[in-house]
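Naming convention: chains lettered A, B, ... in sequence-line order (proteins, then strands); numbering from 1 in each chain. Only heavy atoms go into these numbers, but all of them, side chains included; no hydrogens, no water, no symmetry mates.
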Protein chains: 2
Amino acid sequence: MPPATETAVPPRAVRLRADATRNRERIVAAAREALVELGPDVPLDEVARRAGVGNATLYRHFTDRAELIRQVTLSVMARTVKRAEDALAQEPDAFAALSRFVFEAADERIGALCPLLSDVFDRQDPAVASQVEQMQRSISAIMERAQSAGQLRTDIAVGDLMVAVTQLTRPLPGTCCAGFDRFVRRHLQLFLDGLRAPACSVLAGDAATLEELQARQ
Amino acid sequence: MPPATETAVPPRAVRLRADATRNRERIVAAAREALVELGPDVPLDEVARRAGVGNATLYRHFTDRAELIRQVTLSVMARTVKRAEDALAQEPDAFAALSRFVFEAADERIGALCPLLSDVFDRQDPAVASQVEQMQRSISAIMERAQSAGQLRTDIAVGDLMVAVTQLTRPLPGTCCAGFDRFVRRHLQLFLDGLRAPACSVLAGDAATLEELQARQ
DNA sequence: TCGGAAACGGGGATCGTTTTTCCGTTTCCT
DNA sequence: AGGAAACGGAAAAACGATCCCCGTTTCCGA
């Protein structure tokens, strides 16, 4: 009987104190912003500073950088799924649902999901894998509805959408361009216009799902 | 009148040895690639390694990081201007010229021009300023021809194009996704499709030139 | 071909930054 | 109110980048 008992479920073994939960959430939120702004090598002290907590608190909650990034990723995916489901349920027009989701995904800092594609991650992690799958499903639903309605070109897939939105919304390094956000909105809109059916070009290569993106490494 | 003036022109005062020029070019090329891949904080040792030279050689040629980045920027701008002029001159169709330029700009690692927008640069630098202006002119020419031909929407400007292409072509951090290039091509094509006139949406905000982008900081 | 000088490469000292640990103090729960 | 959990700041340790030194190699002109 290996030490399954003590290592299996550390997180919810004991109820966290109220301030501890609050701080933990603050840290994840701050890390999300800092990660997209400063990149994956952002100093953890910077994250702590933005969260308004001491650096020791950060290390108390997350054993290392990888664990923090993992939590940020899970959190962003959960919020993204929520947004996708809401957009699909609430928007009558199929392409309007897609547009709304794209802009909201930008607000949710979907760019923070970059690490999913890189090597920081344990691809076997069940929590991550299931979230990815769920996200794939909810976004696919939006896209397929728009494609069925003849409003969205059919030669693209979830991977195209996610990667392009991620790219377009990443802050330029070293830039704190005021009004850059408005600029980003313009580019997202232009990209969305390019997604409309009937397509006025043919795309080379294959559309890719998220799983394929991760797999091809 | 051979080397009469040694005071006026420090750079070309003495002819560089053959291997020295070769190494210098290698370093600039390696720095261009490394900058887009690893970001503006890439270790200079990494640049030297990629260039296949010792780190001392790098420091011998460039006094510091800023000077190296400056040279990379100048080099990329020069190559980009060349590509823009060629595309305009050689492509009969106005939109085809724009498309060709976009893909070639991606090949030229236009993403390496990010520092232009950040604070690393002396905005008074005459060499840089004149190159920026020239680039603005040559790309404007392509866009205006396409707009006059009714093929390109009129609510965008050079700044939109350059920033969006930069964003779409940046490598994802930590990723050495094989076949990512083909992916990027697809996204550029989608974006280009969104640029076509007649536009199927209205863009918020104003189109921006490169100078405005730099100015608003 | 040869001598001298320019350029090179690797290694290591120095410096700044990031991570990690420690401990006295504060906050929360019962 | 008491005790434990959590906190913050700051110092110590670890890390990595920059920069310089010096023996060796490469190029150029005679």
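Nucleotide dT21(C) holds its C1' atom 16 Å from the CG atom of Asp64(A), rounded to whole Å. In this entry the distance linking CZ of Arg49(B) with C1' of dT18(D) reads 17 Å, nearest Å. The interatomic distance linking Tyr59(A) (OH) with dT18(C) (P) rounds to 10 Å, in whole Å. For the pair Leu38(A) CG and dT17(C) P, the interatomic distance rounds to 15 Å; values are reported in whole Å. For the pair Leu44(A) CG and dA13(D) P, the interatomic distance rounds to 21 Å; values are reported in whole Å. For Glu46(B) and dG16(D), the CD to P distance is 13 Å, given to the nearest whole Å.
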| field | nucleotides 2-15 of chain C: protein proximity per nucleotide (B base, S sugar-phosphate only, - neither; heavy atom, under 4.0 Å) | value | ---BBSBBBB----

| message | As a quick check of understanding, evaluate ring-ring contact (aromatic ring centres under 6.0 Å, His included) for Phe183(A) and His187(A), giving each step before the final call. | response | CA-CA 7 Å; Phe183(A) 223 56; His187(A) 299 157; 4.9 Å; yes

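Taking Asp45(A) as the reference, nothing meets the salt bridge (charged side-chain N to carboxylate O under 4.0 Å, His left out) condition, with sequence neighbours excluded. For Asp107(A), the side-chain contact (heavy atoms from CB on, under 4.5 Å) partners are Arg185(A), not counting sequence neighbours. Looking at residues two or more places apart in sequence or on another chain, you find a side-chain contact (heavy atoms from CB on, under 4.5 Å) between Arg79(B) and Arg32(B), Ser75(B), Glu108(B). Under the side-chain hydrogen bond (donor to acceptor under 3.5 Å, both in side chains) criterion, Asp86(A) pairs with Lys82(A), sequence neighbours left out. Residues passing the side-chain hydrogen bond (donor to acceptor under 3.5 Å, both in side chains) test with Asp155(A), sequence neighbours excluded: Arg153(A). For Leu88(B), the side-chain contact (heavy atoms from CB on, under 4.5 Å) partners at least two apart in sequence or on another chain are Ala141(B), Ile142(B), Arg145(B). Among residues two or more places apart in sequence or in another chain, the side-chain contact (heavy atoms from CB on, under 4.5 Å) test is passed with Gln134(A) by Val81(A), Glu85(A), Gln131(A), Arg137(A).
Of the listed nucleotides (dT19(C), dC28(C), dA17(D)), dC28(C) has the atom at the smallest distance from the side chain of Ala18(A).
Using five terminal pairs a side, the axes of the helix from dT1(C)-dA30(D) to dT30(C)-dA1(D) at its two ends make an angle of 40°, given in steps of 10 degrees.
The closest donor-acceptor contact from the side chain of Arg186(B) to the backbone of Gly205(A) lies under 3.5 Å.
Counting non-hydrogen atoms under 4.0 angstrom, Arg22(B) reaches the backbone sugars and phosphates but no base.
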